Every structure is written in C-alpha cells, then in structure tokens.
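The residues of the chain are indexed from 1 along the displayed sequence. Being a predicted model, the structure only gives us computed values, none of them experimental. Whatever order the structure lists ligands and atoms in, that order sets their numbers, starting from 1.
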Amino acid sequence: MNEKLVTAFNVQINAELYSEYLYLAMKAIFEEQHLTGFANWFNVQVQEEHAHAMGLYNYVHERGGKVRLDAIAKPDFKEGGILDIFEQVLKHEQLVTAKINALADEADNAKDRAAVSFLDWYVKEQVEEEASVRQIISNLKLIGDDKKALLMLDRELAARTFVQPVIG
Ligand code: OFO
C-alpha cells in the first residue's frame with residue numbers, strides 16, 4: 001500500500017479503538033444502573049470495535065505497512081437518559097460510516113483494488129451497525145416511561161453474544 005493509504009488505515013485503527021473506548025465508558029453507565037442487558041449490549045459492542053481495529057491492524061501488516069498507534073481520546077458523550085445515549089451512539093456510528101467511506105475513497109484514488117475489496121466488509125458492517133442502533137432507538141421510543149417494558153428490553157439485550165467476525 002502506498003504511504004498515504006497506510007496513514008489513512010492507521011487513522012481508522014485509532015477511530016475504531018476510540019469507538020471501543022467510548023462504548024466501554026457507556027457500558028459503565030448501565031452497569032451503575034444495574035441494567036445488565038444494556039451493559040451486555042455495550043460489552044459486545046466493545047469487543048466488536050476491538051475486532052474492527054484489529055482487522056485493520058492485521059491488514060496493514062499483511063500488506064507490508066507500518067502500524068503506528070496514536071493516543072486514544074477521552075470518550076466524548078453526555079450522560080443522559082437511555083434514549084439520549086443511544087441517539088449519541090447512532091450519531092457516532094454515522095460518523096464512523098463517513099470515515100470508512102472516506103477511507104474506501106482513498107483506496108479507490110490509490111487504485112488499490114485489494115484494499116478496496118478488503119474495505120467492502122467494513123462498508124457493509126456499518127450498514128448493520130447503524131440498523132441495530134436504529135432498532136433499539138425505535139424500541140426505546142415505543143417504551144417511553146414504561147418501566148416494565150424497559151426491563152423486558154434489558155432482558156432481550158442480555159442475550160446478545162459476541163461472534164468473532166471474519167473480516168475481509
Ligand atoms: Fe467499528 O463500527 Fe462501530 O464504530
């Protein structure tokens with residue numbers, strides 16, 4: 001890969017590690033409230049983000065590039081109600097989608113067909129990431145102030161498990 005593309009991959013590794021860190025911070029909010037199903041949902045998210053970062057990390061090595069890790073920023077979000085937090089998650093995922101698309105454009109500009117094909121997995125993954133968050137947001141809107149329904153959703157989210165993705 002050319003140096004410019006390697007740098008862009010490294011920037012995305014940092015963005016994925018930031019996502020991991022952000023969701024770890026959000027998980028803590030739900031742990032504090034003993035909403036263990038929501039905490040579990042974030043825990044799976046943390047593992048997924050780590051896998052996304054490692055997929056890029058391994059790919060840079062595979063292509064003979066140099067992995068350069070940068071500082072991970074402090075998680076930036078406002079503690080609020082559950083719906084507020086998930087709306088911030090959606091916003092964050094939309095931002096990540098834009099970053100992935102920009103990285104794919106960069107690979108396209110470099111005419112690096114292998115990198116374009118590798119990044120296709122991430123492009124599709126972002127569609128799923130956004131859809132799953134939208135689903136939770138619409139459930140939360142329906143639930144409103146109904147505590148019983150909220151506990152049912154919490155139980156449902158407790159069943160989510162992490163499956164190591166096959167990237168690329
Ligand atoms: Fe890595 O997909 Fe979320 O951020």
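Side-chain contact of Glu129 with Gln45: a donor-acceptor pair under 3.5 Å is present, judged by distance alone.
Looking at Glu93 and atom 3 (Fe) of ligand 1 together, the shortest N, O or S contact belongs to OE2. Its N, O or S atom nearest to atom 1 (Fe) of ligand 1 is what matters here, and for His52 that atom is ND1.
In the vicinity of Val96, heavy-atom distances shorter than 4.0 Å reach the ligand 1 atoms 4 (O). In summary, the atoms of ligand 1 found under 4.0 Å from a heavy atom of Ser19, numbered by their order in the structure, are 4 (O). Near Gln126, meaning under 4.0 Å from one of its heavy atoms, ligand 1 places the atoms 1 (Fe), 2 (O).
Ring pair Tyr18/His92: centre-to-centre distance below 6.0 Å. Taking the six-membered ring for Trp and the full ring otherwise, the centers of Tyr59 and Trp121 sit at least 6.0 Å from each other. Separation of the Phe42 and Phe86 ring centroids falls under the 6.0 Å cut-off.
For Asp154 (side chain) and Phe38 (main-chain N/O), a donor-acceptor pair under 3.5 Å exists by modelled atom type.
Nearest heavy atom pair, residue Gln126 against residue Ile100, reads CG-CG1, 4.1 Å.
Angle OE1 (Glu16) to atom 1 (Fe) of ligand 1 to OE1 (Glu49): 80°, rounded to 10°.
Contact annotation for Glu48 and ligand 1: no heavy atom of the residue comes within less than 4.0 Å of the ligand.
Inclusion of Glu129 in the first shell of atom 3 (Fe) of ligand 1 is supported: an N, O or S atom falls under 2.8 Å.
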